Amino acid sequence: MQNKVLIIYTGGTIGMVQGKDGSLHPFALEGIYQAVPQLEMCDYKIDSCQLENIIDSSNMTPKVWVDIAEIIEREYQHYDGFLVLHGTDTMAYTASALSFMLENLGKPVVLTGSQLPLGMLRSDGRENIISALEIVAGKELMIPEVCVFFENRLYRGNRSTKVSAENFDAFKSYNYPSLAKVGITMTYKKHLIMPQPEGALKVWKQFDEHIAVLKLFPGITKELVDSILHTPGLKGAIIEAYGSGNALTEEWFINSLQDAIHRGIVLIDVTQCKAGSVKLRQYAASCDMERIGVISGHDITIEAAVTKMMHVLGNYGSDAERVRKMLETPLRGEMEG
Ligand code: ASP
């Protein structure tokens with residue numbers, strides 16, 4: 001029987017075509033065969049659908065993550081895999097969010113986009129769509145993960161990050177190797193790919209948006225730290241610290257964090273470095289944070305940390321112990337164990 005894939009079009013640069021006046025506007029999905037005529041040659045069936053509102057991914061919200069996940073949930077039994085066409089700006093956030101939402105995912109969900117619109121001559125979108133579709137069709141290997149495909153690499157979605165606003169090679173995964181490389185052949189690194197899940201797909205749809213990212217910089221003031229940590233309704237904050245999770249050791253800073261923890265706000269320490277991991281206690285500059293109960297985010301990306309915190313607080317927010325445990329533990333391969 002022919003494999004079947006579903007394209008879910010959400011917007012972004014990839015979906016733009018140039019009008020007669022030279023301006024870029026979103027194309028109608030039916031036009032995809034015109035933009036990528038090679039799709040006629042595929043030996044699997046391609047269906048497509050699109051979100052009600054096509055967006056620049058800078059306008060992404062948890063509500064849209066739920067819309068995408070609900071399409072996958074509704075169509076899960078009818079397709080072998082799902083290709084999500086998405087703007088590159090927040091693609092790593094959506095990929096991370098979907099990975100947490102889709103528990104026991106047994107089929108590939110691959111996000112791709114492009115730096116140049118499909119409607120332009122030199123667009124990278126055509127190659128990205130064709131290769132990503134091949135992976136999604138799962139004829140060689142069924143990858144039970146949410147992934148990002150870009151240029152010639154398949155990444156675990158919750159490990160990926162956008163690194164270039166210019167190059168076709170726009171994504172990287174610094175703390176986990178790519179899952180596949182596409183050249184003349186597709187080379188899958190099977191030992192790095194998640195095993196097939198045992199249970200049935202379960203879709204988690206709650207997100208708690210009452211979180212903050214507190215990025216440290218030399219000269220940061222108490223006023224700024226306190227104003228962020230006293231944001232009304234705040235439930236959690238991600239501290240983007242230096243190097244292996246180090247922060248200033250000044251008393252006012254540690255007191256502000258401790259006060260937030262006493263008020264029930266959960267704090268995670270992640271690193272501003274692109275590669276490497278938080279190692280609490282490696283330096284004196286992180287000992288106090290560990291002592292007062294800041295959780296290590298290990299080698300998680302900021303995109304995965306933000307979406308994981310929203311997911312965990314949204315679904316288990318009333319159980320502080322569970323929230324802590326889940327934030328400390330890898331849920332979908334998003335950080336080292
Ligand atoms: N602003 C666009 C978006 O993220 C950029 C892109 O698609 O590359 O929707």
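Every number for a ligand or one of its atoms is a count from 1 in the order of the listing. Computed from a predicted model, the values in this text were never measured in an experiment.
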Is the shortest distance from a Lys or Arg side-chain nitrogen in Arg159 or Asp299 to a carboxylate oxygen in the other one below 4.0 Å? yes

Using distance alone, with no hydrogens and no angle criterion, decide if Asp226 and Ser256 have a side-chain donor and acceptor under 3.5 Å apart. yes

Please output the residues near ligand 1 using a strict heavy-atom distance under 4.0 Å, listed in chain and residue-number order. Gly12, Thr13, Asp56, Ser57, Gly87, Thr88, Asp89, Ser114

Measure from NZ or CZ of Lys162 to the centre of the six-membered ring of Phe171, then state whether that distance is under 6.0 Å and the direction lies within 45° of the axis. no

Hey, is Lys45 close enough to Asp47 for a salt bridge, meaning N to O under 4.0 Å? yes

Taking side chain to side chain donor-acceptor pair (under 3.5 Å) as the cut-off, I'd like each qualifying pair that reaches into residues 191-215, sequence neighbours left out, listed once. Glu70-Lys205, Glu73-Lys205, Glu103-Trp204, Asp208-His210, Asp208-Lys235

Value rounded to 0.5 Å, distance of CG in Asp319 from CE in Met326: 10.0 Å

